[in-house]
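Reading through the structure tokens given below for one structure.
Sequence lines set the chain letters: A, B, ... in the order given, protein chains first and strands last, and positions in each chain run from 1.
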4 protein chains.
Amino acid sequence: MLSKAERTRQYIVEKTAPVFNERGYAGTSINDLTEATGLSKGSIYGNFENKDEVALAAFDYNFGQIIHYLKSEMTTRETIIEKLLVYPDTYRNFLELPFLKAGCPVLNTSTEADDTHPLLREKAANALAFWKSSVERLIQKGIELGEIKPDTNAPAFAVVLMSLVEGAVMQAKVTRQVEPLQVSMDYLSRIIRELGA
Amino acid sequence: MLSKAERTRQYIVEKTAPVFNERGYAGTSINDLTEATGLSKGSIYGNFENKDEVALAAFDYNFGQIIHYLKSEMTTRETIIEKLLVYPDTYRNFLELPFLKAGCPVLNTSTEADDTHPLLREKAANALAFWKSSVERLIQKGIELGEIKPDTNAPAFAVVLMSLVEGAVMQAKVTRQVEPLQVSMDYLSRIIRELGA
Amino acid sequence: MLSKAERTRQYIVEKTAPVFNERGYAGTSINDLTEATGLSKGSIYGNFENKDEVALAAFDYNFGQIIHYLKSEMTTRETIIEKLLVYPDTYRNFLELPFLKAGCPVLNTSTEADDTHPLLREKAANALAFWKSSVERLIQKGIELGEIKPDTNAPAFAVVLMSLVEGAVMQAKVTRQVEPLQVSMDYLSRIIRELGA
Amino acid sequence: MLSKAERTRQYIVEKTAPVFNERGYAGTSINDLTEATGLSKGSIYGNFENKDEVALAAFDYNFGQIIHYLKSEMTTRETIIEKLLVYPDTYRNFLELPFLKAGCPVLNTSTEADDTHPLLREKAANALAFWKSSVERLIQKGIELGEIKPDTNAPAFAVVLMSLVEGAVMQAKVTRQVEPLQVSMDYLSRIIRELGA
DNA sequence: CATGAATGAGTTTTCATTCAT
DNA sequence: TATGAATGAAAACTCATTCAT
């Protein structure tokens, strides 16, 4: 069971993670955190060293939410191709997923932190690396199972998949139109299906 | 010829645009602007209403730089396909282009501003719309000239192109590796070439 | 025998007294007290009304340590002159005495509290008065015993002794050199010996 | 002529120096500084890097005031002995001298900073060194002029003088009685006169 | 038009203290 | 009595903006 402190920490992270994703690190103030949690400043600082630590934990939480969602969706699918299709299927409707409403945290954090916040940058880079190897592993397995063409370049496909997803999310968020998303996810779905042996 | 005021405005924009692109709107302070320009705060405020106005002008400048570069590159190319290849050729080396070193301003501004800064958001959205229709027009012309397959879906291709570019830039920036960029731009080059009739 | 509560109080005082002496009242936080004691904030506040009360008790403890040391040293000495020489002999090596390592608490508390903390100020003033009358009594006894010249001005000598000690401690502490201390204590030893009848 | 900034800096130092001397570094807040000056926090920070910098400048100012006063008093005196007597004459009435009302800044700063504030500690140590060599030089000159016994140990006398002054100031401040001061300064005057050849 | 000192609201963080467990 | 999470006031410091010169 979680201690009181661990529960509060968890609570703070859950309540503030969407705020960080929406407003960014520099755009989120400690006041925003107290408003989101209903807790006092002292309480935030009683449970976290500083704003950085909250932001880093919030990123982990946000990314964890996505991972968890994708994983659980994949378990409902039978074939590798269908599992890979979870990506376009998920991001196609990202605006309706509460943890993606404000956009993909990997994208948001990457663009903000790359030149300004080394620790967040590293978290985002690690998240991308994790994502990439997850896709690669799926493809590898598909090849082994004879589902996917054996000459498929897994690392390259992973990168293209991620580019398409993040580039489309960015366009959809800022234009407030679903078209770029649908178009890109349709395209991604098609090239995933074309992996089939 | 430009008036004194217009020249100072222009000077401020030129000097501060890279700063805004690197640190973002919330991450850039007026002090950063005085340091970048060597001018006083009073001078910044004598030439711009407020920080917003500088940021908006800086975005226009940053985007204009890209447009200008792409256009001039395209004029050196003969065929439409080759002109389209300017996109991957340019972004493949974006870290070496001074106005793209800190990443694509459209990407950076979009992810920061989408939920926080309506005016910047609109600028970014317009930039994307402009980019999209530029690509569409090129493809259209390619079709008319018989260079590109007539059944090409121009709007869809434009969106995919932009997704690939921005998604790849994001990955390259945050991981500090060129691989995702090369892979994505190789892929983009290939599908551009495959447009050929 | 001491009750549990009294023992905890005593424990807190012993552990925090050196901290107060080193960092001063304003420079010592409750956190410093929990670190020094290994106890919780609640425990500090369960045994003391507030920070003030701990500080006052800590001063008493610090001063008591000095008194106790001086007294026990004096009992090993036979003559009054030799007993008086305990002062220079003790302070000459004050950096090696654990309860004086951070300087004389009377000096430290006096200079911090004189204009800012009435209760601490009074404690320090009382300590000085006690010290003074101790020296006076010794001299008086020396006169009665025929050891010390009968025309000696005991109150004046006491004040001069204290000035020399405290002034020298201050110089030694801040310059981190022993020379001022040795010089002043040599001088004090000499004038003490000159009291001899 | 002083620039506006230099005048404001000077003004802040003048107004806050007595506050720092009275309440100490840790006991003085930025709010205290705005109240003492009538200026805003922004103005304090516009003219000084941080609280440290104000405190260091305030110490220099406070010490400078003493030096200036002592020097100007000495110029009114003819003999070296009389010049040396400026010390007891000055400190005997220190409570009436505006820049010494809250006690000697060297004493106050030394006892607060010795274990807590390296920069202030160094300033105080340098002030003591300066004071010491000033006294030594005077004695040296007295010896050269035949006014002072040639076998006088100048460094030792300087240390004793400083000990007597600072130890007496401490006692007078905290007990709020002039007696310790008068007694110590009487004693100091006597031993200064005894330097006479 | 340019300067830069000044402002006051806002930022992040620390503090002494309380109180439910 | 002991704990340590929670509090709210205050700390140090920053920021966008103004305005007298």
Practice item. Determine, for D:Tyr25 and D:Lys51, whether the Lys NZ or Arg CZ falls below 6.0 Å from the six-membered ring centre while staying within 45 degrees of the axis. Key: yes

Practice item. List the atom of D:Ala17, the atom of D:Tyr61, and the distance in Å for their closest heavy-atom pair. Key: CB-CD2, 3.5 Å

Revision key, fill the gap. Output row for DNA chain F, stems defined as at least 3 consecutive Watson-Crick or G-U pairs under 3.5 Å, is E:2-21 with F:2-21

Revision key, fill the gap. In 5'-to-3' order, the base (B), backbone-only (S) or no-contact (-) status of each nucleotide in nucleotides 9-14 of chain F, using a 4.0 angstrom heavy-atom cut-off, is --SSBB

Review point. Closest approach of C:Ala124 and D:Val174, non-hydrogen atoms and distance?
Key: CB-CG2, 3.8 Å

Exercise for review: Grab the two heavy atoms, one from B:Thr34 and one from B:Leu39, that are nearest each other, plus how far apart they are.
Suggested key: CB-O, 3.1 Å

Practice item. Heavy atoms only: give me the nearest B:Leu100-B:Cys104 pair and the separation to one decimal. Key: CD2-CA, 3.8 Å

Check your understanding: If you measure only the distance, is there a donor-acceptor pair under 3.5 Å linking the side chains of D:Asn62 and D:Asn21?
Key -> no

Review point. Phosphate oxygens OP1/OP2 of F:dA2: is one of them under 4.0 Å from a side-chain N or O of C:Thr8?
Key: yes

**Study point:** Residue D:Gln10 excluded, over 12 heavy atoms near CD under 6.0 Å
**Key:** yes

Review point. Which residues in residues 115-124 of chain C have at least one heavy atom lying under 4.0 Å from any atom of DNA chain F?
Key: none

Check your understanding: Using a cut-off of less than 4.0 Å, is there contact between a side-chain N or O of A:Ser40 and OP1 or OP2 of F:dT7?
Key -> yes

Exercise for review: Assess whether side-chain contact (heavy atoms from CB on, under 4.5 Å) is satisfied between D:Leu33 and D:Val54, documenting all intermediate values.
Suggested key: CA-CA 9 Å; D:Leu33 306 186; D:Val54 192; 4.3 Å; yes

**Study point:** Between P of F:dC15 and CZ of B:Arg23, the distance in whole Å
**Key:** 11 Å

**Study point:** Salt bridge present between A:Asp114 and B:Arg176 (N-O < 4.0 angstrom)
**Key:** no

Point to revise | Residue pair B:Ala127 / B:Phe59: nearest heavy atoms and the distance that separates them | key: CB-CZ, 3.8 Å

Practice item. Dump the intermediate steps for salt bridge (Lys or Arg N to Asp or Glu O under 4.0 Å) on A:Asp115 and B:Lys173, then the final yes or no. Key: CA-CA 9 Å; A:Asp115 288 316; B:Lys173 272 294 292 176; 2.8 Å; yes

Practice item. Using the test salt bridge (charged side-chain N to carboxylate O under 4.0 Å, His left out), find all partners of C:Asp52 that sit at least two apart in sequence or belong to another chain. Key: none

Exercise for review: With sequence neighbours left out, write down each residue that passes side chain to side chain donor-acceptor pair (under 3.5 Å) with A:Arg23, or none if nothing qualifies.
Suggested key: A:Asp32

Practice item. Name the residue closer to the 5' end of DNA chain F, choosing between C:Asn47 and A:Ser43 according to the nucleotide with the nearest heavy atom. Key: C:Asn47

**Study point:** 5' to 3' contact window, DNA chain E with chain D (heavy-atom distance under 4.0 Å)
**Key:** E:dA5 to E:dG8

